[in-house]
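Written out below as structure tokens is the structure these notes cover.
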Amino acid sequence: MLVYLVNIFAVCVWAIVFCTGKKTLLKKTIFIVLCFAQCVAIAGFRYGIGSDYGMYASGFFDMARTGFEDMTHEDWEIGFILLNKIIGMFTAWSSTFIMVTSVLSLIGPFYLIWRYSSGPFMSVFLYLNLYLFYLDMNYIRQSIAMSILCFAYGFLRDKKFWRFLLIVMIAATFHLTVLYMIPVFIVALLKISPSTMMLYPFGLLFYYILSDGILNIVLSKFHTEYAGSVFIESGVYFYYALFPLLLCAAMVALSFYVKEMPRSLSVLIHMTLMMGFWQIVMTKHSLFERFSYYTMLFVILAVPEGLKAFKHQLRENLKEKYLREMGSDAEGSRALATRVTNKTAVMMFSVTAVIVVLALAYNMVGLIIPEAGVHGVLPYQTQNRMDIPNIDGFFKR
């Protein structure tokens with residue numbers, strides 16, 4: 001656990017150095033590079049970390065031995081099999097495979113934050129604390145598919161369906177579940193309003209009424225191995241959904257608070273609501289946890305974008321309020337600007353602090369409560385068995 005906490009602490013230090021004061025592209029780039037270099041080191045040099053680590057390591061070894069004459073393995077997708085074969089041309093060491101897949105899993109989130117985030121620190125912090133980084137060390141095929149999906153965000157935002165579809169189809173060669181994002185594109189075309197947001201609770205209602213019957217039909221034809229399994233018969237504990245659902249509630253409240261909503265924020269609110277939808281769904285059938293992560297990936301953009309919109313609207317509201325109190329002659333005065341700036345700064349600091357504390361608490365829940373940590377990331381160890389102090393027992397007493 002220590003390595004993850006040190007990673008988060010280092011991100012906070014880099015944020016103080018590079019995300020305060022005058023904002024420049026160079027400072028933003030250095031900050032994100034440092035943060036993801038740390039993540040690549042942690043993920044790339046791990047050994048036995050992630051519940052599916054053994055399955056992927058042995059699968060790679062098997063595929064590296066057979067060469068390109070056999071392009072099948074289990075039910076794995078062709079893109080991932082091809083990746084295994086290419087790596088296997090150069091080495092059969094699983095350590096190399098883990099390093100390459102770790103880099104590929106992190107390239108997409110790096111690009112997403114660097115290119116589109118209006119608050120790099122908040123985006124990186126949420127990426128680490130919403131279990132997305134831990135997923136990269138477990139669901140390797142899906143994490144690569146999600147990484148590829150990051151390059152489709154601009155097309156989603158700008159309503160460029162065919163380009164978006166192309167990226168999704170490439171990602172689907174690593175994990176077919178990413179095809180779920182095609183109907184997501186259609187839903188995201190709808191402008192956020194009270195009526196469109198009602199789609200989500202209505203969807204949940206129909207899900208709880210019909211889910212068992214639909215799943216029985218689907219699993220009788222496809223992925224029959226899941227029928228009657230723990231992934232269908234039981235759900236994820238509800239406390240895993242608490243913080244994501246709080247973010248959903250905050251986004252709903254923001255949609256009523258902001259008077260002029262840009263297209264990007266509307267899309268990201270949809271992503272947040274879809275994440276919340278699947279977070280509730282997976283408390284009944286844990287299999288659907290995978291769908292939640294595709295939209296959670298964009299929540300790391302939604303929160304800083306929401307904070308930016310909230311700040312702008314707050315400034316406008318405060319300006320109107322103080323003008324009424326000080327009189328119209330105060331328009332453009334230094335006193336008015338100072339009052340608005342100070343009040344806004346205090347409010348933004350408070351809101352940001354609450355999000356940071358809750359996100360960190362959510363992370364600790366995932367590390368402390370499950371015996372091996374969420375996604376099986378504990379206890380952390382490296383390929384060369386580097387002696388890292390283990391503090392897991394202190395928290396798990």
Side-chain angles (χ1 to χ4, degrees), residues 39-109 131-149 168-180 219 221-232 286-287 289-291 293-294 370-386:
C39 291
V40 167
I42 293 170
F45 290 110
R46 76 188 189 277
Y47 177 80
I49 301 301
S51 301
D52 292 345
Y53 181 97
M55 176 186 72
Y56 282 115
S58 62
F60 166 70
F61 182 72
D62 291 341
M63 285 187 282
R65 290 187 304 166
T66 57
F68 290 90
E69 63 272 14
D70 183 5
M71 293 298 289
T72 60
H73 185 82
E74 302 290 341
D75 60 346
W76 293 0
E77 291 79 2
I78 186 63
F80 187 70
I81 292 173
L82 182 60
L83 174 65
N84 278 259
K85 299 292 186 180
I86 293 173
I87 299 173
M89 290 175 58
F90 302 96
T91 179
W93 288 100
S94 60
S95 58
T96 304
F97 165 76
I98 292 298
M99 176 58 76
V100 171
T101 55
S102 297
V103 171
L104 293 177
S105 298
L106 290 163
I107 283 177
Y131 310 156
L132 291 167
F133 179 49
Y134 304 145
L135 176 143
D136 291 337
M137 295 188 282
N138 185 22
Y139 297 160
I140 296 179
R141 285 154 51 223
Q142 182 173 353
S143 67
I144 295 176
M146 290 170 60
S147 183
I148 296 170
L149 181 65
V168 169
M169 296 307 293
I170 294 172
T173 65
F174 287 86
H175 210 279
L176 285 173
T177 54
V178 75
L179 295 175
Y180 148 73
L219 295 178
K221 303 294 183 182
F222 307 99
H223 286 286
T224 55
E225 71 274 12
Y226 285 117
S229 70
V230 65
F231 299 105
I232 298 299
S286 60
L287 178 67
E289 178 187 15
R290 292 180 179 271
F291 291 102
Y293 283 117
Y294 285 113
E371 183 178 351
V374 65
H375 288 294
V377 297
L378 296 178
Y380 181 81
Q381 55 185 339
T382 62
Q383 295 165 6
N384 61 358
R385 307 300 196 277
M386 184 183 298

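- A distance-only check finds no donor-acceptor pair linking the side chain of Ser143 to the backbone of Ser105 [under 3.5 Å].
- Separation of atoms CD1 (Ile78) and CG (Leu176) is listed at 11.5 Å; rounding is to 0.5 Å.
- Going from atom CE of Met71 over to atom CH2 of Trp76 covers 13.0 Å, rounded to the nearest 0.5 Å.
- Atoms CG and CE, from Leu106 and Met146 in turn, are 11.0 Å apart once rounded to the nearest 0.5 Å.
- Listed by chain and number, the residues in a ring-ring contact (aromatic ring centres under 6.0 Å, His included) with Phe133 amount to none (sequence neighbours excluded).
- The ring-ring contact (aromatic ring centres under 6.0 Å, His included) test applied to Tyr134 returns Tyr4, not counting sequence neighbours.
- In this view, Asp62 and Arg65 satisfy the salt bridge (charged side-chain N to carboxylate O under 4.0 Å, His left out) rule, not counting sequence neighbours.
- The aromatic rings of Phe60 and Phe97 lie parallel to each other, with less than 30° between the two planes, well short of the 60° mark.
- To the nearest 0.5 Å, atom CD1 of residue Ile144 and atom CG of residue Leu149 are 13.5 Å apart.
- Partners of Phe174 by ring-ring contact (aromatic ring centres under 6.0 Å, His included), not counting sequence neighbours: none found.
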Please report the C-alpha distance between Tyr293 and His175 in whole Å, then the side-chain angles of each, then the deciding distance to 0.1 Å, and finally whether the ring-ring contact (aromatic ring centres under 6.0 Å, His included) criterion is met.
-> CA-CA 13 Å; Tyr293 283 117; His175 210 279; over 10 Å; no

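- Interatomic distance, OG1 of Thr91 versus CE of Met99, reported as 13.0 Å (0.5 Å rounding).
- Glu289 meets the salt bridge (charged side-chain N to carboxylate O under 4.0 Å, His left out) test with no other residue; sequence neighbours excluded.
- Legend: residues meeting ring-ring contact (aromatic ring centres under 6.0 Å, His included) with Tyr53, ordered by chain and number and at least two apart, are Tyr47.
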